[in-house]
Amino acid sequence: YDRTIYIYANNITVFWGSTQELLNSTAWADLTLLENFLRGNVTFKIVLPNYYVPKYNVTGIYKVTVKLILYPGNPPPDLPTYVIPLFYNPNLTYPMLILTPEQPNISQAVNLPKGTYNAMLVLFLKGGGLDEFWYASLPEIRNLVVLYDNYLAGVVEPYPVVYTGGINLFWWKPVPSTNTLSFHTIQMIPLTPFLALGNKANLTFIMTNLVLSSRILQSTAMSWDISGYILVWNSSNPIVSAKFIKANGYYSDSGPIFGFLGQG
């Protein structure tokens, strides 16, 4: 079966992707933005959850090879100074929160170092169970709403990832779908304006329509896996003072709309 695979470096998410349904696959991720974080001793963790179903003769194992390719030369300008990991899950022993109809939102406290003048939230997310094909569900809208101290920081529409075993495994034998082997379309939300609120904050993550979809489908077998981190640009000159002159955030989800479009 096509299985998800994750790689973490000191509990920072550096790779999300999946294996190929048939034969072998190769995937990559660019870690240049994390160069300052990868200096010194770094512990990499490779996670590939596999499921054994002997009655269907699914009993195999995966062989995984990981290489870190380094290019000598001057580092790119304006790399982030720090990386703040998010979503460490002690039950899984790696960073991943799971949103479900029973728990469609979760909050996490963060502390930004003094001298921070720029911050960027980086997110990886994917649907599982009945929400693997969330765009074919009811309602067919999923948005990850991110709040920063109850201010609307961003709204992310997930990228529809089709695994090589999804829908029809023979469609993806020549070329896999975009983002299947490596989730290159990560989501980034700028947090810099919220530095006016200070260095401590609560981030809240809400996946919309999980509860409603669970009621319509009469099932709770749907979930969303989320991982990520905050990139921090820091200097020795902390912000002296800042305030919101105006702050306004608005999010609306119409839900399913049923109507007629003529014949057919």
Side-chain angles (χ1 to χ4, degrees), residues 6-16 29-45 47 75-90 92-99 105-126 143-159 182-207 224-239 242-244 247 249 251:
Y6 318 105
I7 301 177
Y8 304 96
N10 287 358
N11 290 324
I12 294 293
T13 308
V14 296
F15 181 91
W16 264 28
D30 188 347
L31 308 188
T32 305
L33 204 57
L34 301 173
E35 181 173 331
N36 287 334
F37 172 76
L38 294 175
R39 300 179 187 276
N41 295 325
V42 180
T43 300
F44 287 87
K45 177 175 287 189
V47 181
D78 201 28
L79 288 174
T81 317
Y82 301 109
V83 182
I84 300 176
L86 299 173
F87 313 131
Y88 181 77
N89 190 327
L92 298 174
T93 70
Y94 50 85
M96 180 188 295
L97 71 84
I98 302 174
L99 299 179
N105 58 77
I106 196 169
S107 296
Q108 178 168 345
V110 295
N111 291 318
L112 300 173
K114 290 184 177 181
T116 297
Y117 63 88
N118 188 19
M120 182 74 71
L121 174 63
V122 180
L123 294 172
F124 299 75
L125 63 157
K126 67 176 184 66
N143 285 321
L144 182 69
V145 177
V146 181
L147 304 179
Y148 189 108
D149 280 351
N150 293 322
Y151 288 97
L152 182 61
V155 180
V156 170
E157 182 176 0
Y159 194 95
S182 178
F183 292 6
H184 292 299
T185 310
I186 57 177
Q187 308 293 339
M188 305 182 78
I189 298 176
L191 301 179
T192 305
F194 301 100
L195 297 177
L197 299 175
N199 293 335
K200 296 183 179 180
N202 268 314
L203 294 178
T204 302
F205 302 87
I206 307 167
M207 182 55 72
W224 282 87
D225 300 340
I226 303 175
S227 192
Y229 49 84
I230 299 176
L231 298 173
V232 173
W233 286 260
N234 193 270
S235 73
S236 58
N237 299 318
I239 295 176
K243 66 178 181 178
F244 283 153
Y251 170 77

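If you're wondering where the values come from, they're calculated on a predicted model, not measured in any experiment.
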Using 0.5 Å steps for rounding, measure from the [atom1] atom of [X] to the [atom2] atom of [Y].
| X | Y | atom1 | atom2 | answer |
| --- | --- | --- | --- | --- |
| Glu35 | Leu79 | CD | CG | 5.5 Å |
| Phe87 | Leu203 | CZ | CG | 7.5 Å |
| Tyr229 | Met120 | OH | CE | 11.0 Å |
| Ile106 | Leu97 | CD1 | CG | 5.0 Å |

Smallest separation among heavy atoms of [X] and [Y], with atom names:
| X | Y | value |
| --- | --- | --- |
| Ile84 | Leu112 | CD1-CD2, 3.5 Å |
| Asn234 | Pro113 | ND2-O, 3.7 Å |
| Leu38 | Ala9 | CD2-CB, 4.1 Å |
| Val42 | Arg39 | CG2-O, 4.2 Å |

Using the test side chain to side chain contact (heavy atoms under 4.5 Å, CB included), find all partners of [X] that sit at least two apart in sequence or belong to another chain.
| X | value |
| --- | --- |
| Pro80 | Leu33, Leu231, Trp233 |
| Ser107 | Thr204 |
| Ile7 | Val14, Phe15, Phe44, Ile46, Val66 |

Among residues at least two apart in sequence or on other chains, which ones pass side chain to side chain donor-acceptor pair (under 3.5 Å) with [X]?
| X | result |
| --- | --- |
| Thr43 | none |
| Gln108 | none |
| Asp149 | none |
| Asn11 | none |

Side-chain heavy atoms of Met96 within contact of Phe124, under 4.5 Å: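 SC-SC contact between Met96 and Phe124 ruled out.
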Student check: side-chain heavy atoms of Val122 and Ile186 closer than 4.5 Å: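 Yes - at least one pair of side-chain heavy atoms lies under 4.5 Å apart.
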Lys114, NZ atom: more than 12 neighbouring heavy atoms under 6.0 Å: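 No, because the 6.0 Å sphere around NZ of Lys114 holds 12 heavy atoms or fewer from other groups.
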[X]: ring pair (Phe, Tyr, Trp, His ring centres under 6.0 Å) partners, not counting sequence neighbours:
| X | answer |
| --- | --- |
| Tyr94 | Tyr8 |
| Tyr159 | none |
| Phe183 | none |

Stepwise side chain to side chain donor-acceptor pair (under 3.5 Å) check, Asn36 with Tyr82: CA-CA 7 Å; Asn36 287 334; Tyr82 301 109; over 6 Å; no
Stepwise side-chain contact (heavy atoms from CB on, under 4.5 Å) test for Ile230 and Val83: CA-CA 6 Å; Ile230 299 176; Val83 182; over 6 Å; no
Test side-chain contact (heavy atoms from CB on, under 4.5 Å) applied to Asn143 and Val156, step by step: CA-CA 6 Å; Asn143 285 321; Val156 170; over 6 Å; no
Stepwise side-chain contact (heavy atoms from CB on, under 4.5 Å) check, Leu125 with Gln187: CA-CA 8 Å; Leu125 63 157; Gln187 308 293 339; 3.7 Å; yes
Pair Tyr151 + Phe244: ring centers closer than 6.0 Å: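 Centroid distance Tyr151-Phe244: below 6.0 Å, so yes.
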Side chain to side chain contact (heavy atoms under 4.5 Å, CB included), paired with Phe205, selected from Leu144, Val145, Asn105: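 Exactly one option meets the side chain to side chain contact (heavy atoms under 4.5 Å, CB included) with Phe205, and it is Leu144.
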Donor-acceptor under 3.5 Å (Ser227 side chain, Thr13 main chain):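 Not confirmed, Ser227 side chain does not pair with Thr13 backbone.
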Pairing residues for Glu157 by the salt bridge (charged side-chain N to carboxylate O under 4.0 Å, His left out) criterion, not counting sequence neighbours: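 Glu157 satisfies salt bridge (charged side-chain N to carboxylate O under 4.0 Å, His left out) with no residue once adjacent residues are dropped.
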Which atom pairs, donor and acceptor, lie under 3.5 Å between side-chain atoms of residues 190-202 and protein residues at least two apart or in another chain?
from	atom 1	to	atom 2	distance (Å)
Thr192	OG1	Asn118	OD1	2.4
Thr192	OG1	Ala119	N	3.2

Leu152/Val146 under side-chain contact (heavy atoms from CB on, under 4.5 Å): CA gap, chis, key distance, verdict: CA-CA 6 Å; Leu152 182 61; Val146 181; over 6 Å; no
